[in-house]
S.K.: 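Dropping the structure in here first, questions after.
Both counts, for ligands and for their atoms, begin at 1 and track the order of listing.
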Amino acid sequence: MKNKLTLIQKNSLESIQKCDSSADLEQIRIDVLGRKGELTTILRTLKDLSPEEKSEIGKLSNVVKTSINEAIDNRKDEIEREILQKRLSEEWIDVTLDGTPEFPSDNGFVHPLSQIQHEIEDIFTSMGFSVLDGPEVETEYYNFEALNIPKHHPARDMQDTFWTEDNNLLRTHTSAIQVRGMEKNSPPFRVIGPGRVFRYEATDASHENTFYQVEGMMIDKEISVANLIFFMKTLLKEIFKCDVKIRLRPGYFPFVEPGFELDINCLICGGSGCSVCKQTGWVELLPCGLVHPNVLKQGGINPDEWSGFAFGLGLNRLVMMGYGINDIRHFQSGDIRFVQQF
Ligand code: FA5
């Protein structure tokens, strides 16, 4: 009996060491120490032994049981440690790597109007222009009078706006920044002035009451329409990354002479006609012209010595062309799904 117990112990300890899963270890425990296990079955025959042998075998069987239980528990711990080590070596994370951006991003994004504004600022600063700012609530002087639009001039009707109780107004165009530019700089100079403008206007697919423009002005000696066309073509080529078809129409603005409307071929419909281009195939994008002598005088510049061009670019329509947006009202809709696309 003693030999049998020692053999069971030896075999069990060997099997336990070879085991590599907790489930197999539990099976060994059942097979050896369980109710119908090898050791338990042998111990059932104890009753046939003498009292001395019973005591000796009883003690030995306790030692065997304890050693098998301890070996199983230790091996289990080892297996768990091995599994953990394997996982740690396989599933390590490089915390210095950039995270994977999720869509939609929680970090926010630059609005398409700001994106295009920054792009235009880069294009013009690379051509020697500086960027000016001006207030959204303007005086009548900067918005109209200094631009050769005196009180009761019919051109004021085209730019009806919102007035404050103290007779200031929400600027109707960024041309007000031109006047501030002339006050700040002495010629020659090149400036642009981006910003938000407001008009009391019925809205449709291409008209908003609040929209964005970029004003541009260059004053130098002997500036002509040829200079104007060069800068406008360079701008549009840089923005649309292709040669865009343009046309110049005579246009009336009291602060330029001659004045033009620069239209581009509608990029939404390719020129075949849609709601944005009002079925004409052309979109009015950019009024421009040579600065009127009265405006130069008002800005303290001698028109006999200096000349210049100016333009006012509508940013919303430019973004619409670039992205194929078919309704200007999306910009102010506050619909997060719209802005998340850019
Ligand atoms: C002006 O605002 C002149 N100050 C531009 C100018 C500057 C002319 C310098 C000459 C020299 P106009 O009202 O056409 O012009 O507006 C300029 C551009 O703003 C338009 O071509 C168009 O792109 C955009 N725009 C005008 N009205 C709206 C509107 N209601 N909604 C959206 N965009 C508009």
S.K.: Do Y323 and H330 have ring centroids that are under 6.0 Å from one another?
M.R.: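 No, the ring centres sit 6.0 Å or more apart.
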S.K.: Can we call the ring centroids of F311 and F253 under 6.0 Å apart?
M.R.: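 They do not qualify: ring centres at least 6.0 Å apart.
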S.K.: Quick one: which of H207, Q213, R171, H173 has a heavy atom closest to atom 18 (C) of ligand 1?
M.R.: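 Going through H207, Q213, R171, H173 one by one, Q213 has the nearest heavy atom to atom 18 (C) of ligand 1.
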S.K.: Of the choices S175, S206, A155, P287, which has the non-hydrogen atom that lies closest to atom 15 (O) of ligand 1?
M.R.: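 Comparing heavy atoms across S175, S206, A155, P287, the nearest one to atom 15 (O) of ligand 1 lies in P287.
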S.K.: I need the nearest protein heavy-atom contact for atom 33 (N) of ligand 1: residue, atom name and distance, please.
M.R.: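 Ranking protein heavy atoms by distance from atom 33 (N) of ligand 1, first comes F211 CD1, 3.4 Å.
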S.K.: Is the closest heavy-atom distance from M217 to ligand 1 below 4.0 Å?
M.R.: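 Outside the 4.0 Å threshold, so no.
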S.K.: For E261 and ligand 1, does the shortest N/O to N/O distance drop below 3.5 Å?
M.R.: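 N/O-N/O distance under 3.5 Å: no.
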S.K.: Measuring from non-hydrogen atoms of F260 to any atom of ligand 1, is the shortest distance under 4.0 Å?
M.R.: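 It does not; every heavy atom stays at 4.0 Å or beyond.
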S.K.: Distance to 0.1 Å, residue and atom name: give those for the protein heavy atom nearest to atom 13 (O) of ligand 1.
M.R.: R199 NH1, 2.7 Å
S.K.: Checking side-chain polar atoms at under 3.5 Å, does E183 have a donor or acceptor matched by the opposite partner on Y142?
M.R.: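 Looking only at side-chain atoms, Y142 and E183 do form a donor-acceptor pair, the distance falling under 3.5 Å.
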S.K.: If you have a sec, work out which protein heavy atom is nearest atom 9 (C) of ligand 1 and how many Å separate them, to one decimal?
M.R.: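 That would be E215 OE2, 3.3 Å.
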S.K.: Report yes or no: is the cationic atom of R190 (NZ for Lys, CZ for Arg) closer than 6.0 Å to the six-membered ring centre of F124, at no more than 45° off its axis?
M.R.: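 No, R190 does not sit over the ring of F124.
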S.K.: Does the pair R75/E78 count as a salt bridge with the N-to-O cut at 4.0 Å?
M.R.: yes
S.K.: Give the residue, atom name and distance (to 0.1 Å) of the protein heavy atom nearest atom 10 (C) of ligand 1.
M.R.: F255 CE1, 3.6 Å
S.K.: Taking a cutoff of less than 4.0 Å between a non-hydrogen atom of the residue and any ligand atom, is M158 in contact with ligand 1?
M.R.: no
S.K.: Side chains of E222 and S307: do they bring a donor and an acceptor to under 3.5 Å?
M.R.: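 The answer is no; no qualifying pair exists.
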S.K.: Picking from Q117, E215, E121, what satisfies side chain to side chain contact (heavy atoms under 4.5 Å, CB included) with I192?
M.R.: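 The side chain to side chain contact (heavy atoms under 4.5 Å, CB included) with I192 is passed solely by E121 among Q117, E215, E121.
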S.K.: Would you mind checking which non-hydrogen protein atom is closest to atom 20 (C) of ligand 1, with the distance to 0.1 Å?
M.R.: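 Among all protein heavy atoms, the one nearest atom 20 (C) of ligand 1 is E284 OE2, 3.6 Å.
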S.K.: Charged N to carboxylate O under 4.0 angstrom, E82 versus K86?
M.R.: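 Looking at E82 and K86, the cut-off is not met.
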S.K.: Are G259 and ligand 1 in contact, using a heavy-atom cut-off of under 4.0 Å?
M.R.: no
